[in-house]
2 protein chains.
Amino acid sequence: MTHSTPTGIPEATVARLPVYLRALTTLAEQGTETCSSEALAAAAGVGSAKLRKDLSYLGSYGTRGVGYDVAYLRYQIGREIGLTQDWPVVVVGIGNLGQALANYSGFRSRGFRVVALLDDAPELHGRQVAGLEVRPFRELSSIAERVDLAIGVIAVPADAAQNVADRLVAVGVTSILNFAPAVLAVPDHVAVRKVDLAIELQILAYHQQRRATEAEGASA
Amino acid sequence: MTHSTPTGIPEATVARLPVYLRALTTLAEQGTETCSSEALAAAAGVGSAKLRKDLSYLGSYGTRGVGYDVAYLRYQIGREIGLTQDWPVVVVGIGNLGQALANYSGFRSRGFRVVALLDDAPELHGRQVAGLEVRPFRELSSIAERVDLAIGVIAVPADAAQNVADRLVAVGVTSILNFAPAVLAVPDHVAVRKVDLAIELQILAYHQQRRATEAEGASA
DNA sequence: GCCAGTTTGTTCTCTCGTTCACAAACTCAT
DNA sequence: ATGAGTTTGTGAACGAGAGAACAAACTGGC
Ligand SMILES: NC(=O)c1ccc[n+]([C@@H]2O[C@H](COP(=O)([O-])OP(=O)(O)OC[C@H]3O[C@@H](n4cnc5c(N)ncnc54)[C@H](O)[C@@H]3O)[C@@H](O)[C@H]2O)c1
Ligand SMILES: NC(=O)c1ccc[n+]([C@@H]2O[C@H](COP(=O)([O-])OP(=O)(O)OC[C@H]3O[C@@H](n4cnc5c(N)ncnc54)[C@H](O)[C@@H]3O)[C@@H](O)[C@H]2O)c1
C-alpha cells in the first residue's frame with residue numbers, strides 16, 4: 001500500500017470512458033492515427049479539459065506537443081473497462097423489448113456475449129430468436145452452473161422484476177441492467193443500472209413545458 | 001421580479017421526480033392515502049433527506065407530523081413535469097428497437113401519444129405496427145404541419161442519426177430522445193437525451209472487473 | 001544545440017449536489 | 001390546554017465534478 005491508488009476512477013469519468021472509446025473507434029475507422037485532446041473531445045461531445053482530466057485517471061498515455069495515439073489509447077481504455085475479456089450476458093423476458101435486445105448487434109461487437117434467453121411464457125419456449133433458443137426461466141440455475149454469468153438483463157414487466165432480480169442474485173449474478181420501471185432491492189455487492197424510457201421522456205417533457213411557460217411569461 | 005424564483009429546479013432533482021411519481025402511483029394503487037418522506041423515499045430507492053429537499057423545490061406540499069397526501073403530491077409533481085397535457089411523439093426508425101418502442105404501453109399511460117412511425121425502408125411502408133401505419137420518413141414535414149410535434153425518438157442506425165436529428169430540428173422539434181450510439185450536434189434550444197445500452201453494459205463491466213481484480217489483490 | 005510552437009497533465013477555483021442536523025409545525029392523548 | 005411524540009422544511013457542512021489556466025514536456029526547423 002501507500003502506493004498511488006491503482007483503482008479509484010470517479011464514477012462520472014467511468015460513465016464517459018465508453019463514449020471516448022466509441023469516438024476513438026470512429027476515428028480509427030477513418031484512418032486517423034493520432035489525435036489531440038481537442039479533436040477527440042469534439043468527437044465525443046465534451047470539453048477538452050474534461051477529457052484530459054478523465055484520461056489522466058488512467059495514466060499518462062498521451063504525448064505533449066503531439067496528442068494521443070488512437071490505437072494505443074483505445075486499447076488502454078478498453079483494458080480499463082474490461083473489454084479485453086468477453087462477458088456472458090443472460091436476457092430475461094423475451095417480449096417486445098427482449099427480442100429487440102437479443103437482435104442487437106452492439107452486444108457482441110463490444111465484448112458482450114448473449115448466452116441465454118429466458119422467459120416464463122411456454123409459447124415462447126423453443127422459439128429461435130437471433131440464433132438462440134428461448135428457454136424456460138427455471139433453467140437459470142443450470143445455465144449458471146455451466147457458464148459464469150456476468151451480467152443479467154431484465155426485460156420483464158415491472159411487477160416481475162424484483163423476483164427475477166432475486167433469482168439472478170441467487171445464482172451469483174453481480175451486475176444487473178434493468179429495463180423494467182421498478183426500483184430493485186439487491187445486496188450491496190450487486191451493481192444495478194436502470195434504463196427507463198418513461199423517465200427520459202418525462203425529463204424532456206419538463207424542459208419542454210418550462211420553455212413554453214418561459215416564452216409565455218416573456219411575451220406577457 | 002424579486003420574487004422567489006418560480007422556475008429553477010436542479011437538474012438532478014428533475015431526473016428524480018419521475019421516480020417519485022411512479023412510487024406515488026404504486027402507493028396509490030395499494031390504497032395508501034398518506035405517506036411519510038421516509039416511506040416514500042424507501043419506495044423510490046433514495047434517502048429521505050434527499051427526497052424532502054427535492055420536494056421542497058416544488059413548494060410545501062407536506063404536513064409536519066403527518067407526511068404527504070399521496071394523491072395531492074402526485075398531482076403536484078405531475079403538473080410540474082407537465083403530465084397534465086399530452087405530448088405528441090414521433091418515432092423514427094421502425095426496426096427491432098423502434099417496433100418495441102411503438103408497442104410500449106408506457107407511452108400513453110404517462111401522457112405521451114405516439115402520432116407517427118417513420119422509416120426509410122420502402123418494405124415497411126404501410127405496414128401496421130401497434131395500430132399505426134409506418135410512413136415514409138419524408139412525410140415528416142407534412143405531419144409536423146398538422147400536429148405540433150413535441151418529442152422525436154431516434155431509433156435508426158448510428159450513421160443516420162445526425163441526419164434524422166437535423167430534419168427533426170428543421171420541422172420544429174425541440175426535444176429528442178436518441179437511442180443510436182452517436183453524438184448528436186443540435187442547436188442550443190433543442191434538448192437531447194440519450195439512451196445507450198452499450199455504455200450501460202460497459203459501466204457494469206468496469207465495476208465487475210474492478211471487483212474481480214480487487215478480490216484477487218486481497219487474496220494475493 | 002536552441003528556440004518557437006504545440007499539447008498534455010495537473011492545480012486551483014467555483015459550482016452543483018448530497019448529507020446532516022434541528023427548529024418549526026403538526027397530531028393525539030390526557 | 002398542555003406536553004410528548006412525529007415529521008417536515010431548510011440552513012450549513014461536506015464532497016464531487018466542471019472549467020480555467022498554466023507549467024512541463026515534446027516536436028521540428030535552423
Ligand atoms: N417495449 C419497450 O419499448 C419498452 C421500453 C422501455 C421499457 N420497457 C419495459 O421493459 C419491460 C418489458 O417490456 P416489453 O414491451 O418487452 O413487454 P412484453 O410484455 O412484450 O414482454 C415481457 C416478457 O416477459 C415475460 N415474463 C413475464 N414474467 C416473467 C418472469 N417472471 N420470468 C420470466 N419472464 C417473464 C413475458 O412472458 C413476456 O414475454 C417492461 O417492464 C416494460 O415496462 C419496455
Ligand atoms: N435493438 C436494440 O436493442 C438496440 C439497443 C440499443 C440501441 N440500439 C440502437 O438503436 C438503433 C436501431 O436499432 P435496431 O436494432 O432497431 O436497428 P434496425 O436495423 O433493426 O432498425 C433501423 C431502422 O431504421 C431505418 N432507417 C435507416 N436509416 C433511416 C433514415 N435515414 N431515416 C429513417 N429510417 C431509417 C431502417 O430502415 C430500419 O428499419 C441503432 O442505432 C442501434 O444501435 C438498438
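No experiment lies behind these values; they were computed from the predicted model shown. Chain letters run A, B, ... following the sequence lines, proteins first, then strands; residues in each count from 1. Keep in mind that the numbers below use all heavy atoms, side chains included, and drop hydrogens, waters and symmetry copies.
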If you apply the rule side-chain contact (heavy atoms from CB on, under 4.5 Å), what do you find for A/Asp196 with B/Arg22, and how did you get there? CA-CA 12 Å; A/Asp196 195 318; B/Arg22 202 165 57 208; 2.3 Å; yes

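- Listed for the A/Trp87 side chain is no donor-acceptor partner under 3.5 Å among the backbone atoms of B/Gln208.
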Run the side-chain contact (heavy atoms from CB on, under 4.5 Å) test on A/Val195 and B/Glu200 for me, step by step, so that the C-alpha distance in whole Å, both residues' side-chain angles and the decisive distance to 0.1 Å come before the verdict. CA-CA 8 Å; A/Val195 173; B/Glu200 299 300 326; 3.9 Å; yes

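- Remark: B/Tyr68 is in phosphate contact with D/dG9, judged by side-chain N or O atoms under 4.0 Å from OP1 or OP2.
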Spell out protein contact along nucleotides 21-30 of chain C as letters: B when the base is contacted, S when just the sugar-phosphate is, - when no protein heavy atom is under 4.0 Å; keep the 5' to 3' order. B--BBBS---

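- Checking side-chain atoms of B/Glu38 against main-chain N and O of B/Ser48 turns up no donor-acceptor pair under 3.5 Å.
- Rounded to an integer number of Å, the gap from CG of A/Leu55 to P of D/dA18 is 14 Å.
- Distance CD1 (B/Ile9) to P (C/dG17): 12 Å, rounded to an integer number of Å.
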Could you list the protein-to-nucleotides 15-17 of chain D atom pairs, N/O on both sides, closer than 3.5 Å?
none

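- Under the side chain to side chain donor-acceptor pair (under 3.5 Å) criterion, B/Gln85 pairs with A/Gln209, not counting sequence neighbours.
- No engagement by A/Gly47 is indicated, since no non-hydrogen atom pair under 4.0 Å with the nucleic acid exists.
- With a 4.5 Å cut-off on side-chain heavy atoms, A/Ile199 and B/Val19 count as touching.
- With rounding to whole Å, B/Leu51 atom CG is found 16 Å from C/dC20 atom C1'.
- Within the structure, the salt bridge (charged side-chain N to carboxylate O under 4.0 Å, His left out) test picks out the following pairs touching residues 52-62 of chain A (sequence neighbours left out): A/Arg16-A/Asp54.
- A heavy atom closer than 4.0 Å to some atom of DNA chain D occurs in B/Ser36, B/Ser37, these being the qualifying members of residues 27-42 of chain B.
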Stepwise side-chain contact (heavy atoms from CB on, under 4.5 Å) test for B/Leu51 and B/Tyr20: CA-CA 8 Å; B/Leu51 173 84; B/Tyr20 302 153; 3.5 Å; yes

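- Computed from coordinates, the B/Asp54 CG to D/dG9 P distance equals 12 Å when rounded to whole Å.
- Applying the salt bridge (Lys or Arg N to Asp or Glu O under 4.0 Å) rule to B/Asp120 yields no partners; only residues at least two apart in sequence or on another chain are considered.
- Nucleotide C/dT11 holds its C1' atom 8 Å from the NZ atom of A/Lys53, rounded to whole Å.
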